[in-house]
Number of protein chains: 2
Amino acid sequence: MEESTNSSVIRDNNRQKRTREKVINLAMQVLAKNPTASLNEIAEAAEVGRATLFRYFKSRKQLIQELVVEADRKLEDATRPIIEKNLSARDTLEEFVKVLVPLGASFHFLNSEQLHSEGSGIEDLYRNQLVRLKVLSKRLRAEKVVATDIPLVWIAAVLDNLIYTAWVTVLDGDIAPNDAPGLVLFSFLNGFAHL
Amino acid sequence: MEESTNSSVIRDNNRQKRTREKVINLAMQVLAKNPTASLNEIAEAAEVGRATLFRYFKSRKQLIQELVVEADRKLEDATRPIIEKNLSARDTLEEFVKVLVPLGASFHFLNSEQLHSEGSGIEDLYRNQLVRLKVLSKRLRAEKVVATDIPLVWIAAVLDNLIYTAWVTVLDGDIAPNDAPGLVLFSFLNGFAHL
DNA sequence: TTCATTTGATACATTAAAGTATCACATGAA
DNA sequence: TTCATGTGATACTTTAATGTATCAAATGAA
């Protein structure tokens, strides 16, 4: 599978773009929930022919690699504007959670063990997201938004997983999309202890 | 692969038992982290020959099904004695977390999307663990250990994921095994807000 | 309506992993 | 030490998924 070369007459390049994006989005979701899903299952989810996958991606492996790159790009696009706002750590956390929960598939995709193969040339992307969360967690500690005696790696890991859990729970229809970011924030900061 | 039939002369049945348990434990861990791992990778992790897998399990599919059954059994064995103690919900939570964190692989295995196939005859086991957590969450609410206005499914999902996150973080060597249950409990009840 | 381009269905080829069989070596209870 | 049994290595077969090629149908901009 490979991306079509540009021709001098482009009659429906938007259609190709739409098809490719649809495949990437659906593939991301399917593989986030089931890394063993076949190309046939991905094609069905994306409502395209299996042959169409090969028109855009050279192989299953390349599809997955592009999913990783795309996931990282999406997460970067979503979080960079927030960082550039130079908000307080607390407000940054809130904005982060709002944009990251809907991106749960992209989120989880980068953390999948399946992708941790050497020589794929995209290893660093795996760590990007956890680095983003560590940086944020450091700022939260520095600004005393969170406790200072909890290991940083634990704080970042919990935030990571809360965001993914919210995404899955929304996908399962168990909580409303609008409620999800608030639940993540509440759980992360306050826990569930009855007051 | 299939379990050997009993013969009238059993010279080293314990060895078989040890081999089978080793395979199950290592397979559980490997597949919890990478559901796409091959039988070769599982065999290597378990330090057995690939042919040995087929001496105990008829097929990859049957191995996985037995992992699910074994995971559920382990979780049931670990949690039933706690329930039978009739402790307060708060103390039950603490005991649950202590025994479930080390079983993170078993834990996560049951929640894996990969296994949600109809007709496997073990679908109900997938829900057992979340049911256990929901029952516990309900008691926590009833005894006012946790807030009463948070959706039950969210409380259970977060507890579920905190336990698994702890298991992975210990496995990665980022937190000490002894610290893990305490961190889970603290995060679940108090969150990270600086006081 | 036209028609250039995109796509789905499907037949076929290839490949990687699963599954089987066999034999020599390893193990450990007796 | 013996030797029945368990196991690893490996060759081979089977299978399921990947990957390729082709053609008719679908699509949608012009």
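Sequence lines set the chain letters: A, B, ... in the order given, protein chains first and strands last, and positions in each chain run from 1.
- Between the NZ atom of Lys22(A) and the C1' atom of dG8(C) there is a distance of 12 Å, given to the nearest Å.
- For Thr165(B) and Trp154(A), the side-chain atoms include no donor-acceptor pair closer than 3.5 Å.
- Looking at heavy atoms from C-beta onward, Leu162(B) lies out of side-chain contact with Asn161(A) at the 4.5 angstrom threshold.
- Remark: Glu76(A) engages Arg132(A) in a salt bridge, criterion side-chain N to carboxylate O under 4.0 Å.
- A salt bridge is absent between Glu21(A) and Arg18(A); no separation between the charged side-chain nitrogens and carboxylate oxygens falls under 4.0 Å.
- Dashed line: the shortest gap from a side-chain N or O of Tyr56(B) to OP1 or OP2 of dT7(D) is under 4.0 Å.
- Put simply, Arg60(B) has no side-chain N or O that comes within less than 4.0 Å of OP1 or OP2 on dT14(D).
- Among the atoms of the strands shown, only primed sugar atoms or phosphate atoms (P, OP1, OP2) are found under 4.0 Å from some heavy atom of Glu47(A).
- Following rounding to the nearest Å, Glu44(B) (CD) and dA18(C) (C1') show an atom-to-atom distance of 15 Å.
- Nearest to the side chain of Leu39(A), among dG28(D), dG19(C), dT18(D), sits dT18(D).
- Atom CG in Asn40(B) sits about 13 Å away from atom C1' in dG19(C), given to the nearest Å.
- The nucleotide whose nearest atom lies closest to any side-chain atom of Ser38(A) is, among dT18(D), dA17(C), dG8(C), dT18(D).
- The interatomic distance linking Gln16(B) (CD) with dT27(C) (C1') rounds to 13 Å, in whole Å.
- Across dT18(D), dA18(C), dT7(C), the shortest atom-to-atom separation from the side chain of Thr19(A) is found for dT7(C).
- Regarding contacts with the backbone of dT27(C), every side-chain N or O of Arg15(B) stays at 4.0 angstrom or more from both OP1 and OP2.
- Between the side chain of Arg50(A) and the base of dG8(C), no donor-acceptor pair under 3.5 Å is found.
- The distance between atom CZ of Arg18(A) and atom P of dA29(D), rounded to the nearest whole Å, is 7 Å.
- In this structure the side chain of Ile150(B) never reaches within 4.5 angstrom of the side chain of Val146(B), judged on heavy atoms.
- Going from atom CG of Leu53(A) over to atom C1' of dG19(D) covers 11 Å, rounded to whole Å.
- In this structure, Asn14(A) atom CG and dT7(C) atom C1' are separated by 17 Å, rounded to whole Å.
- The nearest whole Å value for the distance from the CD atom in Gln62(A) to the C1' atom in dT20(D) is 16 Å.
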